[in-house]
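Values reported hereafter were calculated over all heavy atoms of this structure, with side chains retained and with hydrogens, waters and symmetry mates removed.
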Amino acid sequence: TNKKIPSVKNITSVECFNKLSEISNSYLIDVRTKPEWEFIGVPDLSSLNKKIILVSWHIYPDMKINSFFENQIIKSNIKKNDEVFLICRSGNRSFQAAEFLILCGYYHCYNVVDGFEGDKNTLSQRSTINGWKYNKLFWKQ
(Lines give C-alpha, C1' and ligand atoms only; values in the text may rest on other atoms or scores of the structure.)
Protein backbone atom coordinates (compact mmCIF):
# COMPACT_ATOMS: atom_id res chain seq x y z
CA THR A 1 0.00 0.00 0.00
CA ASN A 2 1.17 3.46 -0.88
CA LYS A 3 0.78 5.67 2.20
CA LYS A 4 0.03 9.25 1.25
CA ILE A 5 2.33 11.72 2.96
CA PRO A 6 0.24 14.48 4.55
CA SER A 7 0.81 18.02 3.37
CA VAL A 8 1.56 21.15 5.36
CA LYS A 9 -1.57 22.96 6.47
CA ASN A 10 -1.48 26.75 6.30
CA ILE A 11 -2.99 28.59 9.26
CA THR A 12 -3.16 32.26 10.26
CA SER A 13 -1.37 33.58 13.35
CA VAL A 14 -4.73 34.15 15.10
CA GLU A 15 -5.92 30.60 14.32
CA CYS A 16 -2.55 29.31 15.52
CA PHE A 17 -2.80 31.10 18.87
CA ASN A 18 -6.34 29.77 19.36
CA LYS A 19 -5.28 26.19 18.57
CA LEU A 20 -2.28 26.46 20.91
CA SER A 21 -4.68 27.52 23.65
CA GLU A 22 -7.13 24.66 22.94
CA ILE A 23 -4.78 21.70 22.25
CA SER A 24 -2.57 20.59 25.14
CA ASN A 25 -0.06 18.63 23.02
CA SER A 26 0.64 21.53 20.66
CA TYR A 27 3.86 23.46 20.18
CA LEU A 28 5.01 26.63 18.42
CA ILE A 29 8.44 26.47 16.83
CA ASP A 30 10.02 29.76 15.74
CA VAL A 31 12.42 28.85 12.92
CA ARG A 32 13.93 32.32 12.41
CA THR A 33 17.57 33.18 13.19
CA LYS A 34 19.05 34.20 16.54
CA PRO A 35 19.43 37.89 15.50
CA GLU A 36 15.73 37.94 14.52
CA TRP A 37 14.71 36.54 17.91
CA GLU A 38 16.94 39.04 19.70
CA PHE A 39 16.21 42.19 17.70
CA ILE A 40 12.64 41.71 16.42
CA GLY A 41 11.18 39.68 19.28
CA VAL A 42 9.48 36.31 19.73
CA PRO A 43 5.91 35.14 20.32
CA ASP A 44 5.09 34.95 24.03
CA LEU A 45 2.97 31.94 25.07
CA SER A 46 3.24 32.46 28.84
CA SER A 47 -0.49 33.32 28.95
CA LEU A 48 -1.07 29.71 27.76
CA ASN A 49 1.51 28.29 30.20
CA LYS A 50 3.62 27.28 27.20
CA LYS A 51 7.12 28.10 26.03
CA ILE A 52 8.04 28.86 22.47
CA ILE A 53 10.62 26.53 20.93
CA LEU A 54 13.45 28.33 19.13
CA VAL A 55 15.10 26.23 16.40
CA SER A 56 16.55 28.01 13.35
CA TRP A 57 15.80 26.55 9.91
CA HIS A 58 18.67 28.58 8.43
CA ILE A 59 21.82 29.32 10.43
CA TYR A 60 22.92 32.96 10.52
CA PRO A 61 25.04 34.46 8.96
CA ASP A 62 25.63 32.08 6.02
CA MET A 63 21.92 31.04 5.98
CA LYS A 64 22.65 27.39 5.24
CA ILE A 65 19.93 24.96 6.29
CA ASN A 66 20.47 23.83 9.88
CA SER A 67 21.75 20.24 9.63
CA PHE A 68 20.84 19.70 13.32
CA PHE A 69 17.21 20.80 12.85
CA GLU A 70 15.65 17.36 13.36
CA ASN A 71 17.91 16.58 16.36
CA GLN A 72 17.00 19.89 18.00
CA ILE A 73 13.28 19.14 17.50
CA ILE A 74 13.76 15.67 19.04
CA LYS A 75 15.60 17.25 22.02
CA SER A 76 12.65 19.59 22.58
CA ASN A 77 10.55 16.48 23.42
CA ILE A 78 7.94 17.08 20.72
CA LYS A 79 6.31 13.75 19.87
CA LYS A 80 5.52 12.72 16.31
CA ASN A 81 1.75 12.84 16.90
CA ASP A 82 1.77 16.29 18.55
CA GLU A 83 0.36 19.33 16.78
CA VAL A 84 3.31 21.39 15.57
CA PHE A 85 2.99 25.02 14.46
CA LEU A 86 5.94 26.65 12.71
CA ILE A 87 6.47 30.38 12.38
CA CYS A 88 9.09 32.57 10.68
CA ARG A 89 9.03 36.17 9.48
CA SER A 90 6.47 35.77 6.71
CA GLY A 91 5.68 32.08 6.20
CA ASN A 92 8.37 30.91 3.74
CA ARG A 93 11.06 29.29 5.92
CA SER A 94 8.40 27.88 8.24
CA PHE A 95 6.68 26.20 5.26
CA GLN A 96 9.98 24.55 4.22
CA ALA A 97 10.67 23.47 7.81
CA ALA A 98 7.13 22.06 8.13
CA GLU A 99 7.58 20.06 4.89
CA PHE A 100 10.85 18.70 6.25
CA LEU A 101 9.27 17.67 9.58
CA ILE A 102 6.46 15.86 7.75
CA LEU A 103 9.12 13.81 5.94
CA CYS A 104 10.60 13.05 9.40
CA GLY A 105 7.23 11.64 10.49
CA TYR A 106 5.70 14.64 12.29
CA TYR A 107 2.37 14.44 10.54
CA HIS A 108 0.47 17.33 12.17
CA CYS A 109 2.47 20.32 10.93
CA TYR A 110 1.01 23.76 10.39
CA ASN A 111 2.65 26.73 8.72
CA VAL A 112 1.77 30.12 10.21
CA VAL A 113 1.16 31.64 6.79
CA ASP A 114 1.29 35.31 7.87
CA GLY A 115 4.36 34.79 10.06
CA PHE A 116 5.60 36.92 12.94
CA GLU A 117 5.95 40.16 10.96
CA GLY A 118 3.60 39.46 8.07
CA ASP A 119 3.68 40.54 4.45
CA LYS A 120 5.23 43.77 3.21
CA ASN A 121 2.97 46.72 2.43
CA THR A 122 3.45 48.98 -0.61
CA LEU A 123 6.27 50.77 1.26
CA SER A 124 7.99 47.41 1.93
CA GLN A 125 7.21 47.65 5.66
CA ARG A 126 6.10 44.64 7.67
CA SER A 127 3.73 44.34 10.68
CA THR A 128 1.25 46.66 8.91
CA ILE A 129 -1.08 44.19 7.10
CA ASN A 130 -0.99 40.84 8.91
CA GLY A 131 1.17 38.64 11.09
CA TRP A 132 1.55 37.75 14.78
CA LYS A 133 2.65 41.27 15.86
CA TYR A 134 0.03 43.04 13.74
CA ASN A 135 -2.72 40.90 15.24
CA LYS A 136 -1.68 42.06 18.73
CA LEU A 137 -0.86 38.51 19.86
CA PHE A 138 1.49 38.36 22.84
CA TRP A 139 5.19 38.79 22.07
CA LYS A 140 8.32 39.92 23.83
CA GLN A 141 11.66 41.43 22.92
Side-chain angles (χ1 to χ4, degrees), residues 1-121 123-141:
T1 51
N2 201 348
K3 259 179 68 178
K4 192 180 175 301
I5 293 175
S7 55
V8 175
K9 301 178 231 12
N10 281 318
I11 189 170
T12 67
S13 51
V14 172
E15 291 169 327
C16 171
F17 187 85
N18 292 338
K19 285 201 179 281
L20 286 164
S21 66
E22 293 158 10
I23 304 166
S24 60
N25 63 325
S26 62
Y27 298 90
L28 181 61
I29 304 171
D30 189 327
V31 302
R32 294 174 301 150
T33 61
K34 194 169 185 241
E36 287 175 292
W37 303 327
E38 290 173 356
F39 297 113
I40 296 157
V42 293
D44 181 0
L45 304 180
S46 55
S47 66
L48 308 178
N49 288 315
K50 291 190 177 193
K51 282 190 167 68
I52 181 143
I53 295 165
L54 303 174
V55 182
S56 295
W57 178 241
H58 291 138
I59 300 297
Y60 182 86
D62 62 13
M63 301 309 273
K64 285 191 178 77
I65 289 178
N66 177 5
S67 54
F68 300 106
F69 189 80
E70 185 183 4
N71 286 348
Q72 290 169 320
I73 299 300
I74 291 166
K75 280 198 184 107
S76 72
N77 289 323
I78 296 175
K79 307 282 176 276
K80 296 210 166 171
N81 58 347
D82 290 339
E83 304 281 317
V84 182
F85 300 89
L86 296 101
I87 192 167
C88 65
R89 181 180 60 200
S90 58
N92 293 327
R93 284 172 285 175
S94 49
F95 186 85
Q96 294 170 8
E99 280 189 320
F100 173 81
L101 284 182
I102 284 175
L103 293 174
C104 296
Y106 294 84
Y107 281 172
H108 308 285
C109 291
Y110 299 82
N111 175 41
V112 180
V113 71
D114 52 342
F116 187 64
E117 295 181 82
D119 297 312
K120 290 179 182 175
N121 66 11
L123 302 171
S124 288
Q125 298 163 320
R126 295 187 190 272
S127 304
T128 59
I129 304 171
N130 58 10
W132 189 277
K133 274 182 158 178
Y134 174 80
N135 287 315
K136 308 266 186 286
L137 298 167
F138 297 109
W139 66 280
K140 60 188 176 197
Q141 197 88 34

Requested in this report: Determine, using ring centers only, whether Phe138 and Trp132 are less than 6.0 Å apart.
Outcome: no

Query raised in the report: Excluding sequence neighbours, so at least two apart, what forms side chain to side chain donor-acceptor pair (under 3.5 Å) with Glu36?
Result: Thr33, Arg93

Query - Where Val112 and Cys16 come nearest, the two heavy atoms and their spacing - result: CG2-SG, 3.8 Å

Query raised in the report: Taking all non-hydrogen atoms of both residues, which atom of Leu101 and which atom of Cys109 are closest, and how far apart?
Result: CB-SG, 3.8 Å

Query - Least distance between heavy atoms, Asn130 atom then Gly118 atom - result: OD1-CA, 3.1 Å

Report task. Would you list the pairs meeting salt bridge (charged side-chain N to carboxylate O under 4.0 Å, His left out) in which at least one residue belongs to residues 126-137, sequence neighbours left out? Result -> none

Query raised in the report: If only atom types and distance count, is the side chain of Asn135 paired as donor or acceptor with the main-chain N or O of Leu137 below 3.5 Å?
Result: no

Query - From CA spacing to verdict: side chain to side chain donor-acceptor pair (under 3.5 Å), Asp114, Ser13 - result: CA-CA 6 Å; Asp114 52 342; Ser13 51; 2.8 Å; yes

Query raised in the report: So do the side chains of Phe17 and Leu48 get within less than 4.5 Å of each other, counting heavy atoms only?
Result: yes

Requested in this report: Flag the pair Ile52 / Asp44 as yes when at least one side-chain heavy-atom distance between them is below 4.5 Å, and no otherwise.
Outcome: no

Query raised in the report: With no hydrogens and no angle check, do the side chains of Ser56 and Asn66 hold a donor and an acceptor under 3.5 Å apart?
Result: no

Query - From Leu28 atom CG to Ser94 atom OG, the distance as rounded to the nearest 0.5 Å - result: 9.5 Å

Query - Note, Lys79 side chain near Asp82 side chain (heavy atom, < 4.5 Å) - result: yes

Query raised in the report: Is the number of heavy atoms from other residues, nucleotides or ligands within 6.0 Å of NZ (Lys50) greater than 12?
Result: yes

**Report entry** Lys34 bridged to Glu38 by N-O distance under 4.0 Å
**Finding:** yes

**Report entry** Which atom of Val8 lies closest to which atom of Tyr110, heavy atoms considered
**Finding:** CG1-C, 4.5 Å

Requested in this report: Would you check if the side chain of Asn111 reaches a backbone N or O of Gly91 as a donor-acceptor pair within less than 3.5 Å?
Outcome: yes

Query raised in the report: Among pairs that include at least one residue of residues 57-70, which meet salt bridge (charged side-chain N to carboxylate O under 4.0 Å, His left out), considering only residues two or more places apart or in two chains?
Result: Asp62-Lys64

Requested in this report: Ignoring hydrogens and angles, tell me if any N or O in the side chain of Gln141 forms a donor-acceptor pair with the backbone of Phe39 under 3.5 Å.
Outcome: yes

**Report entry** Shortest non-hydrogen separation from Thr128 to Tyr134 and the atoms involved
**Finding:** O-CE1, 3.3 Å

Query raised in the report: Do Asn25 and Glu83 pass the side chain to side chain donor-acceptor pair (under 3.5 Å) test, and can you show the C-alpha distance, the side-chain angles, and the key distance before you say yes or no?
Result: CA-CA 6 Å; Asn25 63 325; Glu83 304 281 317; 5.9 Å; no

Requested in this report: Compare every heavy atom of Trp57 with every heavy atom of Gln96, then report the nearest pair and how far apart it is.
Outcome: OE1-NE1, 3.0 Å

